[in-house]
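Each remark here refers to the structure printed beneath this line.
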Amino acid sequence: MVTASAVRSTVGQKMLMAVSGIVLVLFLVAHMAGNLKVFVGAESFDHYAHWLRTIGAPLLPDSGYLWIQRTVLTAALVAHVWAATSLALRARAARPVRYAHRRPVQGSYAARTMRWGGVIILLFAVFHVLDLTTGHLNPVGDRAHPYANVVADFAPERWYVTLFYTLAVLAVGLHLWHGVFSAVRTLGQRTAVGERRARLAASAVAVGLCAGYLSVPFAVMSGLVG
Ligand code: HEM
């Protein structure tokens with residue numbers, strides 16, 4: 001049985017980070033696959049978006065599945081940030097006297113940027129919902145035609161939107177690189193070969209996801225999709 005004290009233990013919190021991280025990664029893979037429908041055409045993309053609202057009908061009401069997904073994603077995000085913060089505070093408390101000569105380079109670039117990357121991703125999430133879900137920050141903002149919203153969003157004159165999306169996706173990529181690397185290293189052998197495998201797996205997931213996500217804004221910007 002999972003007790004409250006088990007969740008508060010360091011191992012419990014690491015498990016919570018891993019489980020919530022896996023939920024978020026599964027969503028990222030599914031969302032990327034859906035976004036790639038933009039290359040099939042407006043009809044296919046809009047049909048897919050409409051299907052998302054009707055999953056589970058008639059058992060679930062309209063958008064019922066989407067609300068379940070929103071609840072699960074929000075819970076996973078809150079758990080992930082809470083466990084990360086609590087683990088970081090605990091690590092600091094274990095060493096109340098700061099190192100007099102802290103080495104400036106510690107861990108990989110991805111590990112050192114986890115916190116700032118997390119902040120960029122959270123800001124992006126708020127902007128993204130107001131842009132492509134509610135349509136308030138989108139030049140078209142037509143909920144029935146998400147393809148038109150995406151094309152309007154990444155028009156060449158709105159290069160700053162593409163720039164923000166690029167920064168956010170790269171932050172997600174770096175975040176994922178570190179997350180997958182740590183997870184595979186925890187599960188695998190702590191040897192040079194195991195480390196190399198963990199690096200390879202992390203790079204494959206991060207590069208694959210970044211390329212899939214970024215292909216959409218760049219295809220619109222360059223006129224390939226429109
Ligand atoms: C750069 C490429 C991206 C594009 C073109 C894109 C496109 C879209 C579109 C069109 C929707 C609305 C779907 C609909 O209402 O029918 C959506 C929703 C969503 N996107 Fe993205 N997205 C991108 C990247 C991301 C990233 C990197 C994340 C996560 C970090 C993300 C998280 C979400 C979430 C959580 C929703 C659902 C919001 C809701 O509950 O309605 N997206 N996206």
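In listed order, ligands and their atoms are each counted from 1. Just so you know, these numbers come straight off a predicted model, no measurement behind them.
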* To do: Between Leu28 and ligand 1, find which residue part has any heavy-atom pair under 4.0 Å and reply side chain, backbone, both or neither.
  => side chain
* **Arg53 near ligand 1 by a heavy-atom separation under 4.0 Å** => yes
* What do you reckon, does Val216 put a non-hydrogen atom under 4.0 Å from ligand 1? -> yes
* Please verify whether a non-hydrogen atom of Asn149 lies at under 4.0 Å from ligand 1. => no
* Among all protein heavy atoms, pick out the one at the shortest distance from atom 1 (C) of ligand 1; state its residue, atom name and that distance to 0.1 Å. => Tyr165 CD2, 3.4 Å
* Does Asn149 use its side chain to pair, donor to acceptor, with the backbone of Leu132 at less than 3.5 Å? -> no
* Asked: If you count the atoms of ligand 1 from 1 in the order shown, which ones are under 4.0 Å from a heavy atom of Arg70?
  -> 39 (C), 40 (O), 41 (O)
* Asked: Going by the atom numbers of ligand 1, which of them fall below 4.0 Å from some non-hydrogen atom of Ala49?
  -> 16 (O)
* To do: Could you see which bit of Tyr213 sits under 4.0 Å from ligand 1, with heavy atoms only: side chain, backbone, both or neither?
  => both
* Top protein contact for atom 26 (C) of ligand 1, by heavy-atom distance -> Phe124 CE2, 3.6 Å
* Indicate whether atom 13 (C) of ligand 1 is within a distance of less than 4.0 angstrom of some protein heavy atom. => no
* Structure fact -> re atom 38 (C) of ligand 1, the protein heavy-atom contact at minimum distance is Thr133 OG1, 3.3 Å
* **Polar protein atoms near atom 21 (Fe) of ligand 1 [N, O or S; cut-off under 2.8 Å]** => His31 NE2, His128 NE2
* Asked: Got the closest protein heavy atom to atom 34 (C) of ligand 1, with its distance?
  -> Phe27 CZ, 3.5 Å
